[in-house]
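Worksheet: one structure, shown below.
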Amino acid sequence: MPAVTSGKVLVTGANGYIAVWVVKSLLDAGFAVRGTVRSESKATHLHNLFKSFGDKFEVVVVEDITKEGAFDAYVKDVDAIAHTASPFHLKAVEPDDMIVPAVHGTLSVLKSAQIHGTSVRRVVVLSSTAAVVRTNPHPETSTVLDESSWNEEEVAQCREKGRDATPVAKYRASKTLAERAAWDFVEKNKGTLGWDLVVFNPPFVFGPVLHEVDKPENLNESAREWYLNVVTGRLEKDALANSGASYVDVRDIAQAHVLALLKPDAADNRFIISAGPFKWQDFVSIAHRVAESIPEGNTSYDASKAKHAVVYNNFKGISTLGIKYRTLEETTKDSIEDFKARGWL
């Protein structure tokens, strides 16, 4: 499918942490954007944030994204779709509390695009490394995972244990099954679709905040975790040096959405969008240099000796999309400056 270099993009869940940056990146790149939100009250902040773009930005209300036909009216005149709306919390009782809205929301968008999206040429679905990760049986050495990996373990855990599955497993299963549903839908309808599919799999997403939030406690899951672990000094020294994961700056995953439209070769691919692994002390050390009021953490930590049980191979995104990643220093410095400006530090 040819690249989408101009036109209008539908962004679902446009008031979310990542989605607001996706909207900004698309508008900055010259695209028009139609964002969906669940209620009119969530639209006000977006209108104010992007008022300089005039009629190139609009917001529509989709109260229930899982409802059949929820997006029918809003895909008719768009050239691409960025589907970012999906539940991300760890409070589900039953696995289906997470899985059903994630799967149905994704299929709802794709079905609307199939039937009514006559001008749609590309659909980008925001998944997660939650759909990629596998347990490393030998954590003393790193397991390197690429786009061929799927998280079948935690899907199986949810099927076997039901509500007794871990909260993380319920979330990860929802991302895995929603992404599987997207690829299965495209495969099943091959030859009848006027658009192709691109899927992004980022790990923890950190960085400055653009969406509407009044205090740190109300940040989204990943940004709140970063604030608590880095700014407030919540973690013990041992955890700072030994616990971590992988990350990407929110502005980089947003820019990836633009690149996915501009690059023809992105079609029909999933991409791990990860800047690399971290231990929490990596962020803390930089944050303390930027703002001395932030606790210095574990001063005996040696980053060169850190062991990462799981590392993601990000070569495909770099080579195909041409994505350039911000460093730990850039993400930390900009996050701290943002928090200072908000009076949170």
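Values reported hereafter were calculated over all heavy atoms of this structure, with side chains retained and with hydrogens, waters and symmetry mates removed. Here the structure is a predicted model, which means the values were calculated and not measured.
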Fill in: Stepwise side chain to side chain contact (heavy atoms under 4.5 Å, CB included) test for Leu193 and Gln114
CA-CA 6 Å; Leu193 301 176; Gln114 178 191 29; 3.7 Å; yes

So, [X] side chain and [Y] main chain: donor-acceptor pair closer than 3.5 Å or not?
{"X": "Ser112", "Y": "Gly69", "answer": "no"}
{"X": "Glu179", "Y": "Ala131", "answer": "no"}
{"X": "Asn201", "Y": "Ser127", "answer": "no"}
{"X": "Asp252", "Y": "Arg326", "answer": "yes"}
{"X": "Ser174", "Y": "Tyr171", "answer": "yes"}
{"X": "Asn48", "Y": "His45", "answer": "no"}
{"X": "Asn218", "Y": "Asp214", "answer": "no"}
{"X": "Lys316", "Y": "Ile272", "answer": "no"}
{"X": "Glu147", "Y": "Val132", "answer": "no"}
{"X": "Ser274", "Y": "Pro203", "answer": "no"}

Between atom [atom1] of [X] and atom [atom2] of [Y], what is the distance when rounded to the nearest 0.5 Å?
{"X": "His288", "Y": "Ile294", "atom1": "NE2", "atom2": "CD1", "answer": "9.0 Å"}
{"X": "Ile323", "Y": "Ile273", "atom1": "CD1", "atom2": "CD1", "answer": "4.5 Å"}
{"X": "His104", "Y": "Lys67", "atom1": "NE2", "atom2": "NZ", "answer": "15.0 Å"}
{"X": "Ile253", "Y": "Leu126", "atom1": "CD1", "atom2": "CG", "answer": "5.5 Å"}
{"X": "Phe57", "Y": "His47", "atom1": "CZ", "atom2": "NE2", "answer": "6.5 Å"}
{"X": "Ile18", "Y": "Asn220", "atom1": "CD1", "atom2": "CG", "answer": "7.5 Å"}

Using a cut-off of 6.0 Å, state whether more than 12 heavy atoms not belonging to [X] lie near its atom [atom1].
{"X": "Lys42", "atom1": "NZ", "result": "no"}
{"X": "Glu40", "atom1": "CD", "result": "no"}
{"X": "Arg224", "atom1": "CZ", "result": "yes"}
{"X": "Glu217", "atom1": "CD", "result": "yes"}

ILVMFWY network linking [X] to [Y], side-chain heavy atoms under 4.5 angstrom:
{"X": "Val250", "Y": "Leu321", "value": "yes"}
{"X": "Val11", "Y": "Phe53", "value": "yes"}
{"X": "Val124", "Y": "Ile318", "value": "yes"}
{"X": "Val199", "Y": "Val133", "value": "no"}
{"X": "Trp226", "Y": "Val290", "value": "yes"}

Which atoms form the tightest heavy-atom contact between [X] and [Y], and what is the distance?
{"X": "Arg172", "Y": "Ala130", "value": "CG-CB, 3.5 Å"}
{"X": "Pro101", "Y": "Asp96", "value": "CD-O, 3.5 Å"}
{"X": "Ala287", "Y": "Thr332", "value": "N-CG2, 3.6 Å"}
{"X": "Val248", "Y": "Pro202", "value": "CG1-CB, 3.9 Å"}
{"X": "Lys170", "Y": "Gly162", "value": "CE-O, 4.0 Å"}
{"X": "Ser108", "Y": "Phe71", "value": "OG-CD1, 3.6 Å"}

Practice prompt. Start with the C-alpha gap between Leu328 and Phe278, add the side-chain angles, then the distance that decides, and say whether side chain to side chain contact (heavy atoms under 4.5 Å, CB included) holds.
Written response: CA-CA 9 Å; Leu328 279 157; Phe278 70 90; 4.3 Å; yes

Lys/Arg-Asp/Glu bridge criterion (N-O < 4.0 Å) met for [X], [Y]:
{"X": "Lys340", "Y": "Glu337", "answer": "no"}
{"X": "Lys8", "Y": "Glu58", "answer": "yes"}
{"X": "Asp28", "Y": "Lys24", "answer": "yes"}
{"X": "Glu330", "Y": "Lys333", "answer": "no"}

Practice prompt. Decide yes or no on side chain to side chain contact (heavy atoms under 4.5 Å, CB included) for Phe50 and Val33, but give the supporting numbers first.
Written response: CA-CA 10 Å; Phe50 299 121; Val33 174; over 6 Å; no

Practice prompt. With sequence neighbours excluded, give me every ring pair (Phe, Tyr, Trp, His ring centres under 6.0 Å) pair touching residues 232-268.
Written response: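 Output for this query lists Phe200-His257, Tyr247-Phe283.
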
Practice prompt. Mind jotting down which residue pairs meet the ring pair (Phe, Tyr, Trp, His ring centres under 6.0 Å) criterion with at least one end in residues 110-145? Sequence neighbours excluded, please.
Written response: none

For a 4.5 angstrom cut-off between non-hydrogen side-chain atoms, does [X] reach [Y]?
{"X": "Thr5", "Y": "Leu262", "result": "yes"}
{"X": "Tyr17", "Y": "Glu221", "result": "no"}
{"X": "Arg34", "Y": "Asp77", "result": "yes"}
{"X": "Ser246", "Y": "Val310", "result": "no"}
{"X": "Asp97", "Y": "Glu94", "result": "yes"}
{"X": "Gln157", "Y": "Thr166", "result": "yes"}
{"X": "Val213", "Y": "Trp344", "result": "yes"}
{"X": "Val9", "Y": "Val78", "result": "no"}

Discussion item. Using side-chain hydrogen bond (donor to acceptor under 3.5 Å, both in side chains), reason through His83 and Thr12 one step at a time and then give a plain yes or no.
Written reply: CA-CA 5 Å; His83 177 53; Thr12 69; 2.8 Å; yes

Discussion item. For Leu345 and Ile336: C-alpha separation, side-chain torsions, deciding distance, then whether side chain to side chain contact (heavy atoms under 4.5 Å, CB included) applies.
Written reply: CA-CA 8 Å; Leu345 212 161; Ile336 296 300; 3.8 Å; yes

Worksheet entry | Working for side-chain hydrogen bond (donor to acceptor under 3.5 Å, both in side chains), residues Thr176 and Glu154 | CA-CA 9 Å; Thr176 305; Glu154 284 164 305; over 6 Å; no

Item to complete: Test the Arg270-Trp183 pair against the cation-pi criterion, namely NZ or CZ under 6.0 angstrom from the six-membered ring centroid and within 45° of the ring axis.
Response: no

Fill in: Residue from Ile81, Val186, Val75 passing side-chain contact (heavy atoms from CB on, under 4.5 Å) with Trp195
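Passing option: Val186.
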
Worksheet entry | Residue pairs, two or more places apart or on separate chains, that pass salt bridge (charged side-chain N to carboxylate O under 4.0 Å, His left out) and touch residues 232-250 |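 Qualifying pairs, neighbours excluded: Glu225-Arg234, Asp249-Arg251.
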
